[in-house]
Number of protein chains: 2
Amino acid sequence: MALTTDARIGVSPQVGLFEAIVALSHPQRMRIAAKLAEGRNYVSQLARDLQMSRPLLHLHLARLEAAGLVRSEMEVSDDGKAMRYVVLTPFSFHLTPDAVVAAARELNNRDD
Amino acid sequence: MALTTDARIGVSPQVGLFEAIVALSHPQRMRIAAKLAEGRNYVSQLARDLQMSRPLLHLHLARLEAAGLVRSEMEVSDDGKAMRYVVLTPFSFHLTPDAVVAAARELNNRDD
DNA sequence: ACCACATGTCAGTATGTTCTGACACATGGC
DNA sequence: GCCATGTGTCAGAACATACTGACATGTGGT
């Protein structure tokens, strides 16, 4: 019974297509997402791997997370350090003219 | 036999996913693409429909066209006016972690 | 000749995003 | 106590993009 919940991990809520597109529209964020596809990682390590400053990475991660492409949680390592692990969510969007029409409709509804 | 060529209309070359994403990452361009999904249109009319200035629309159309999401051609109307008609290409991208990895690899190759 | 409508371009401004450097805080090991 | 490592935030500079307004060009119709 306890497995029921765990089995649902991986099923992402699918936020708007537009937010996903905006989130991935920057080379750095595209690289971050790609790196995270290799597996989960914590912020400082990720910053080293991608050779970018932590504050900057922090900003980009926030954008990715807001779009629902990434999720993160704090963990305490063996030596007691608080570490934020980030994972890529298994998103899936179909980018077609029809999807664009739907996304644009969403945008208009937002202006109400 | 002459149909062979015409039958190929609609098969787009599929430019990079990243360029497509960047092109659609702006609300205005998303709306432009959505409007063009209704059918082809010429620039001035499109500007009126979307209530944006022609110079601005011109800029956005250039970006959409560079990404391969849109194509355009000049035509001469019955009353002799040169009009630029724009059409949305039938693009199709699958936006997943794997696609992101591929797109990021593309980005890195570009820096060589 | 002038008006209405189409095309395109350019300079300059406004706005928004990206990026850096400095700061503050916490923990374990030397 | 101090250093290394982790976390986060903020102000301001640097950069990129979006946007406006004015201009130049062409056509047919009145």
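Note: hydrogens, waters and symmetry copies are ignored here, and every other heavy atom, side chains too, is used. Protein chains get the first letters and strands the later ones, always in sequence-line order, with residue 1 at the start of each.
Not a single side-chain hydrogen bond (donor to acceptor under 3.5 Å, both in side chains) links B:Asp98 to another residue, sequence neighbours left out. With sequence neighbours excluded, the residues satisfying side-chain contact (heavy atoms from CB on, under 4.5 Å) with A:Arg40 are A:Glu75, A:Tyr85, A:Val87. With sequence neighbours excluded, the residues satisfying side-chain hydrogen bond (donor to acceptor under 3.5 Å, both in side chains) with A:Asp79 are A:Ser77, A:Lys81. In this view, B:Glu73 satisfies the side-chain hydrogen bond (donor to acceptor under 3.5 Å, both in side chains) rule with no residue, not counting sequence neighbours. With sequence neighbours left out, B:Arg105 forms a side-chain contact (heavy atoms from CB on, under 4.5 Å) with B:Val101.
No continuous path of hydrophobic side-chain contacts links A:Met83 to A:Val43 [ILVMFWY only; heavy atoms under 4.5 Å].
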Could you list the protein-to-nucleotides 27-30 of chain D atom pairs, N/O on both sides, closer than 3.5 Å?
residue	atom	partner	partner atom	Å
D:dG28	O4'	B:Asp79	O	3.4

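Rounded to whole Å, atom P of C:dA6 lies 12 Å from atom CE of B:Met74. If you measure from atom CE of B:Met83 to atom C1' of C:dG8, you get 15 Å, rounded to the nearest angstrom. Atom P of nucleotide D:dC19 and atom CZ of B:Arg31 are separated by 10 Å, given to the nearest angstrom. Residue A:Glu73 contributes atom CD, which lies 16 Å from atom C1' of D:dT7 at whole-angstrom precision.
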Using a cut-off of 4.0 Å between protein heavy atoms and nucleotide atoms, how would you tag nucleotides 11-23 of chain C 5' to 3' with B, S and -? -------SBBBB-
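Note that the two end axes of the helix from C:dA1-D:dT30 to C:dC30-D:dG1 enclose an angle of 10°, each drawn from 5 base pairs, rounded to 10 degrees.
Contact annotation: the side chain of B:Leu95 approaches that of B:Ile21 to within less than 4.5 Å [non-hydrogen atoms, C-beta and beyond]. Residues A:Ile32 and A:Val86 form no side-chain contact, since every pair of their non-hydrogen atoms from C-beta on lies 4.5 Å or further apart. Side-chain contact between B:Asn108 and A:Arg31 is present, with heavy atoms from C-beta onward closer than 4.5 Å.
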Would you please test B:Met30 and A:Leu107 for side-chain contact (heavy atoms from CB on, under 4.5 Å) and show each step? CA-CA 9 Å; B:Met30 192 62 103; A:Leu107 281 181; 4.0 Å; yes
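Residue B:Met74 is found outside any hydrophobic cluster, as its side-chain heavy atoms come under 4.5 Å of no other Ile, Leu, Val, Met, Phe, Trp or Tyr.
For D:dG6, neither phosphate oxygen OP1 nor OP2 lies less than 4.0 angstrom from any side-chain nitrogen or oxygen of A:Arg84.
Across residues 42-51 of chain A, not one residue has a non-hydrogen atom less than 4.0 Å from an atom of DNA chain C.
Taking CG of A:Leu69 as the reference point, atom CD of A:Glu19 lies at 9.5 Å (rounded to 0.5 Å).
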Donor-acceptor pairs under 3.5 angstrom involving side-chain atoms of residues 50-67 of chain A: please list them, not counting sequence neighbours.
residue	atom	partner	partner atom	Å
A:Ser53	OG	A:Leu56	N	3.3
A:His60	ND1	A:Arg29	NH1	3.1
A:Glu65	OE1	A:Ser72	OG	3.4
A:Glu65	OE1	A:Arg84	NH2	3.2
A:Glu65	OE2	A:Ser72	N	3.3
A:Glu65	OE2	A:Ser72	OG	3.1

